[in-house]
Number of protein chains: 2
Amino acid sequence: MSDERTDLLRAHIRDVPDFPKEGILFKDITPLLASPKAFVTALDLFAEAWAGEHLDAVVGIESRGFIFGAALAARIGVGFVPVRKPGKLPAATERVEYELEYGKDAVEIHLDALQTGDRVVLLDDLIATGGTAAAALELIRRRGAVPVGAGFVIELAFLAGREKLSDVSITSLLTY
Amino acid sequence: MSDERTDLLRAHIRDVPDFPKEGILFKDITPLLASPKAFVTALDLFAEAWAGEHLDAVVGIESRGFIFGAALAARIGVGFVPVRKPGKLPAATERVEYELEYGKDAVEIHLDALQTGDRVVLLDDLIATGGTAAAALELIRRRGAVPVGAGFVIELAFLAGREKLSDVSITSLLTY
């Protein structure tokens, strides 16, 4: 996407060098959140991306995905379902592990968070290598729900994360 | 507060025994989030609580405070500012430590997140002993901003957390 609205978003992304470790140029979304106009514009673009779809819920990934996911869910009038790191959700959960550069991580969803056939979109602030998003989509499918799409404010295209999500429609507001 | 709307919210809070550890009865808000009607009702009640105030931002505490804080900010058309655990915010931060039952914890805010004189509300899902909320309010004041109020979906009144926030107006949607 590229137009006046995405230019507005891009102007509110800050580059932070050497975070979280040396050599990484971090894309900081907090200036976007601090601007009511930019934040609402991001939600507008997500809402428009799935305007023709019937949706039952927005699934957001801890923790910046909560920010966009919950605001979008409230905006379009559907429920919000959190996907969290292991041990954070209080009731019975399903877990999917995924590979990191060094080691493994995992995400969880409540067993009763979604109903069979629920049509959902997955939201996170950023897609890098795509491991977390792919695991979250697997959780959605294991609960019998249908991932209609996955949305990210930022896509780091050089990390090719979308190749791990080849079976779902992807909406990235900004691509680097 | 107690009326039809808070009854609706209360019906969407689930008690989970022995989480995060044995003997604790955890108040789970995920059923409330999963219900579009209950989630929007919670946002309605927060929006009404400060309807007469000029606000510049909503400050939300990681990570369930992000869910309500960001959705409220988008709803009332102001910026959203995250308060996070140490090391999570990428740019220059200010930090406030606070005492836990055993040990210490801390929260951080970006130095440029708020301007002097900004009028803000602090949001989190729950107030227990009040340590985190008091530290977040201290961060807001150190940045020169004015905490107009603090809002919580759930107040555990028997832990007397509001005594730590005696200098700010508190809105709790549900009290236990």
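Proteins get letters first, then strands, A, B, ... in listed order; numbering begins at 1 in each. Everything numeric in this text was worked out from a predicted model, so none of it was measured.
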Q) Can you name the nearest heavy-atom pair linking A:Phe80 to B:Ile67, along with the distance? A) CE2-CD1, 3.7 Å

Q: State yes or no: do B:Leu174 and B:Leu123 share one hydrophobic cluster built from I, L, V, M, F, W and Y residues joined by side-chain heavy-atom distances below 4.5 Å, directly or via other members?
A: yes

Q) With a 4.5 angstrom heavy-atom cut-off, which part of A:Arg75 approaches chain B: side chain, backbone, both or neither? A) neither

Q. What heavy-atom pair brings A:Gly87 and B:Phe19 nearest, and what distance separates the two atoms?
A. O-CZ, 3.4 Å

Q: Check whether any side-chain heavy atom of B:Glu62 sits under 4.5 Å from a side-chain heavy atom of A:Glu62, and report yes or no.
A: no

Q. Using non-hydrogen atoms only, which part of A:Pro82 is less than 4.5 Å away from chain B: side chain, backbone, both, or neither?
A. side chain

(Q) Between A:Arg64 and B:Ser63, is there a side-chain donor-acceptor contact under 3.5 Å, judged purely by atom types and distance? (A) no

Q: State plainly whether one hydrophobic cluster holds both A:Val81 and A:Val58, where clusters connect Ile, Leu, Val, Met, Phe, Trp and Tyr through side-chain heavy atoms under 4.5 angstrom apart.
A: no

Q: Measure A:Lys37 against the heavy atoms of chain B and call it side chain, backbone, both or neither at under 4.5 Å.
A: neither

Q.
Are A:Leu43 and A:Leu45 linked, directly or through intermediate hydrophobic residues, by side-chain heavy-atom contacts shorter than 4.5 Å (ILVMFWY only)?
A. yes

Q: Following the transitive rule for hydrophobic clusters with a side-chain heavy-atom cut-off under 4.5 Å over Ile, Leu, Val, Met, Phe, Trp and Tyr, establish whether B:Phe152 and B:Leu139 coincide in one cluster.
A: yes

Q.
Let's test your reading of the structure: which of A:Asp112, A:Leu114, A:Leu32 forms the most heavy-atom pairs below 4.5 Å with chain B?
A. A:Asp112

**Q.** Toward chain A, the part of B:Ala74 with a non-hydrogen atom under 4.5 Å
**A.** both

Q) Any chain of hydrophobic side-chain contacts (each under 4.5 Å) joining B:Val146 to B:Val120? A) no

Q. Between B:Ala71, B:Ala38, B:Gly60, B:Pro17, which has the largest tally of heavy atom pairs under 4.5 Å with chain A?
A. B:Ala71

(Q) With chain B as the partner, which of A:Pro90, A:Gly79, A:Ser35 has the greatest number of non-hydrogen pairs under 4.5 Å? (A) A:Pro90

